[in-house]
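Comments concern the structure below.
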Amino acid sequence: MRLFQGIFFVALVTTMAYAQGPALKSSVYPLPDLSSVTEKKLIKGSTSYFSSYEVDVVKAKPGKSSPQGILPNDTEELLIVRSGKIRVTIGMMNKVLGPGSIAFIMPGEKYKIMKEGGEESVFYRLKSTSKSADVRERGKSSGGSLLVNGDSIDTKKTERGGRKDFFDRPTSMCEKFEMHVTILNEGLPSHAPHTHAQEEIILLMKGDATMAINNVDQKISPGSVVFLAAGDLHGIRNTGVGQCEYFAFQWK
């Protein structure tokens, strides 16, 4: 009986680990070709903070149905619009979002995404599941779901270009989630290579750049997503012509 219980426990742990996926490593994930499909998965796995983390790229065509439903109670979702426009409804909130805009959907929310206008739209869908217990109330008490048009955020000039601060607050899945856009002048690094305890995502919206990860340079083209694991040495530099622009967000 004890032997059976031990085998069952090992099998259960193995199944859970498989379901969560392998641990993600720091890497650059280029924007895939969406000419023959409407959706592709860029990233799927576990991290030091999330039991599951996924990044999909979705193409919405005029006249086609769009994702909708109720977000599971253990999942948080972030949408980032790359091109075109989409109309996002979360509960009683409704807004048309253009390039550089975001939607942050808390667990349990009813939502709908609809194509807006006559052109194709491309957006990123980032799903995260925390290893923590049910903390949905934390997300609600910190402001709940968000719909933010990128054009509504002021650009603050910096010595290296500019910065747009989207938010810095707790969410359901995270004790702290900070998100901003950096505008980096030609030829400049954002900062010296460094490490930090937080995991991070970089999403290059415009221009070309190079990300050094643990002293290895990797080219970043427009639309690429970079996952940076906690503790890995990294630094980004604008290596294109003119300014580059990218989302950066960390959590803990």
Side-chain angles (χ1 to χ4, degrees), residues 31 42-43 49-50 53-58 71 75-91 93-107 109 111 113 116 121-128 130 138-158 160-185 190-191 196 198-207 209 211 220 222-228 234 236 238 243-252:
L31 179 69
L42 287 184
I43 299 173
Y49 189 86
F50 293 122
Y53 195 79
E54 299 181 37
V55 180
D56 300 319
V57 182
V58 181
L71 204 61
T75 303
E76 210 165 62
E77 189 165 297
L78 171 64
L79 309 177
I80 302 176
V81 182
R82 169 156 181 77
S83 62
K85 295 181 179 180
I86 58 175
R87 181 180 293 276
V88 181
T89 302
I90 307 174
M93 298 189 297
N94 183 295
K95 187 173 288 188
V96 175
L97 301 176
S101 302
I102 70 162
F104 210 138
I105 310 171
M106 297 294 108
E109 290 272 31
Y111 72 98
I113 305 169
E116 188 79 10
S121 298
V122 175
F123 62 92
Y124 299 85
R125 183 173 61 219
L126 303 92
K127 294 182 179 182
S128 58
S130 175
R138 181 173 64 193
K140 292 180 181 178
S141 63
S142 300
S145 298
L146 295 170
L147 293 173
V148 182
N149 198 309
D151 292 339
S152 69
I153 307 294
D154 293 333
T155 301
K156 302 173 184 176
K157 289 187 177 181
T158 68
R160 298 177 184 271
R163 179 182 171 111
K164 300 173 70 172
D165 290 302
F166 275 69
F167 62 89
D168 184 353
R169 46 162 270 196
T171 70
S172 293
M173 298 292 108
C174 306
E175 296 176 12
K176 177 182 171 69
F177 194 111
E178 186 275 326
M179 183 177 196
H180 67 271
V181 165
T182 293
I183 301 165
L184 193 57
N185 291 336
S190 177
H191 44 63
H196 45 68
Q198 294 84 9
E199 297 162 339
E200 184 174 13
I201 288 283
I202 301 290
L203 169 54
L204 188 65
M205 298 295 285
K206 300 176 183 177
M211 176 68 76
I220 315 175
S224 295
V225 175
V226 183
F227 174 77
L228 297 167
H234 64 277
I236 187 170
N238 182 348
Q243 292 181 324
C244 72
E245 184 174 323
Y246 56 87
F247 276 97
F249 43 99
Q250 302 178 5
W251 56 83
K252 67 176 185 177

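Along the sequence shown, residues carry numbers from 1.
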Donor-acceptor contacts under 3.5 Å from residues 244-252 side chains, at least two apart:
residue: Tyr246; atom: OH; partner: Ser190; partner atom: OG; Å: 3.2
residue: Gln250; atom: NE2; partner: His196; partner atom: NE2; Å: 3.4
residue: Trp251; atom: NE1; partner: Glu199; partner atom: OE1; Å: 2.7

Does the side chain of Ser128 come within less than 4.5 Å of Phe50's, by heavy atoms? yes
In Å and rounded to the nearest 0.5 Å, what is the CG to NZ distance from Asn149 to Lys95? 6.5 Å
Stepwise side-chain contact (heavy atoms from CB on, under 4.5 Å) test for Val81 and Ile102: CA-CA 6 Å; Val81 182; Ile102 70 162; over 6 Å; no
Heavy-atom side-chain contact between Met205 and Pro222 under 4.5 Å: no
Scanning both residues in full, the closest heavy-atom pair of Pro107 with Met173 reads CG-CE, 3.8 Å
Does the plane of the ring in Phe177 sit parallel, tilted or perpendicular to the ring in Phe167? Use 30° and 60° as the thresholds. parallel
Could you tell me whether the side chain of Glu76 and the main chain of Ser172 form a donor-acceptor pair under 3.5 Å? yes
Minimum heavy-atom separation for Gly162 and Thr158, please, with both atom names. N-OG1, 3.3 Å
Nearest heavy-atom approach of Ile105 to Leu71 is O-CD2, 3.3 Å
Quick check against the 3.5 Å criterion: does Tyr124 have a side-chain atom that pairs as donor or acceptor with the backbone of Gly223? yes
Minimum side-chain heavy-atom gap Glu175-Pro170 below 4.5 Å: no
Measure the CZ-OG1 distance between Arg160 and Thr182 for me, rounded to the nearest 0.5 Å. 11.0 Å
Report the C-alpha distance between Leu184 and Gln243 in whole Å, list the side-chain angles of each, state the deciding distance to 0.1 Å, and finish with yes or no for side-chain contact (heavy atoms from CB on, under 4.5 Å). CA-CA 5 Å; Leu184 193 57; Gln243 292 181 324; over 6 Å; no
Identify the heavy atoms of Pro99 and Ser83 that sit nearest to each other, and give their distance. CG-CA, 4.1 Å
Full working for side-chain contact (heavy atoms from CB on, under 4.5 Å) between Val55 and Arg125: CA-CA 6 Å; Val55 180; Arg125 183 173 61 219; over 6 Å; no
4.5 Å side-chain heavy-atom contact, Leu228 and Ile201: no
Decide salt bridge (charged side-chain N to carboxylate O under 4.0 Å, His left out) for Lys127 and Glu54; before the verdict, give the C-alpha distance in whole Å, the side-chain angles of both, and the deciding distance to 0.1 Å. CA-CA 5 Å; Lys127 294 182 179 182; Glu54 299 181 37; 5.6 Å; no
Could you grab the distance from atom OH of Tyr49 to atom SG of Cys174, nearest 0.5 Å is fine? 4.5 Å
How far does OH of Tyr53 sit from CG of Leu126, to the nearest 0.5 angstrom? 4.5 Å
Heavy-atom nearest pair, Ile220 first then Ser224, reads CG2-CB, 3.5 Å
side-chain contact (heavy atoms from CB on, under 4.5 Å) partners for Lys164, two or more places apart: Ile153, Thr155, Phe166, Val181
Keeping Ser101 on the side-chain end and Gly150 on the backbone end, is there a donor-acceptor pair under 3.5 Å? yes
Residue pair Leu79 / Ile113: nearest heavy atoms and the distance that separates them: CD1-CD1, 3.5 Å
Rounded to the nearest 0.5 Å, how far does CZ of Phe123 lie from CD1 of Ile80? 11.5 Å
Nearest 0.5 Å please: distance from the NZ atom of Lys140 over to the OG1 atom of Thr171. 14.0 Å
Would you say that Met179 contacts Leu78 through its side chain, given a criterion of any heavy-atom pair below 4.5 Å between the two side chains? yes
Side chains of Leu203 and Arg82: does their closest heavy-atom pair fall under 4.5 Å? no
List for me each residue that meets side-chain contact (heavy atoms from CB on, under 4.5 Å) alongside Ser121, sequence neighbours excluded, and say none if there are none. Ala60, Ile86, Lys115
Say whether, by atom type as modelled, one donor and one acceptor occur between the side chain of Asn238 and the main chain of Asn185 under 3.5 angstrom. yes
Might you work through the side-chain contact (heavy atoms from CB on, under 4.5 Å) test for Asp56 and Leu42, ending with a clear yes or no? CA-CA 6 Å; Asp56 300 319; Leu42 287 184; over 6 Å; no
Between Arg163 and Glu178, does a salt bridge (charged side-chain N to carboxylate O under 4.0 Å, His left out) hold up when you go through it step by step? CA-CA 13 Å; Arg163 179 182 171 111; Glu178 186 275 326; 3.2 Å; yes
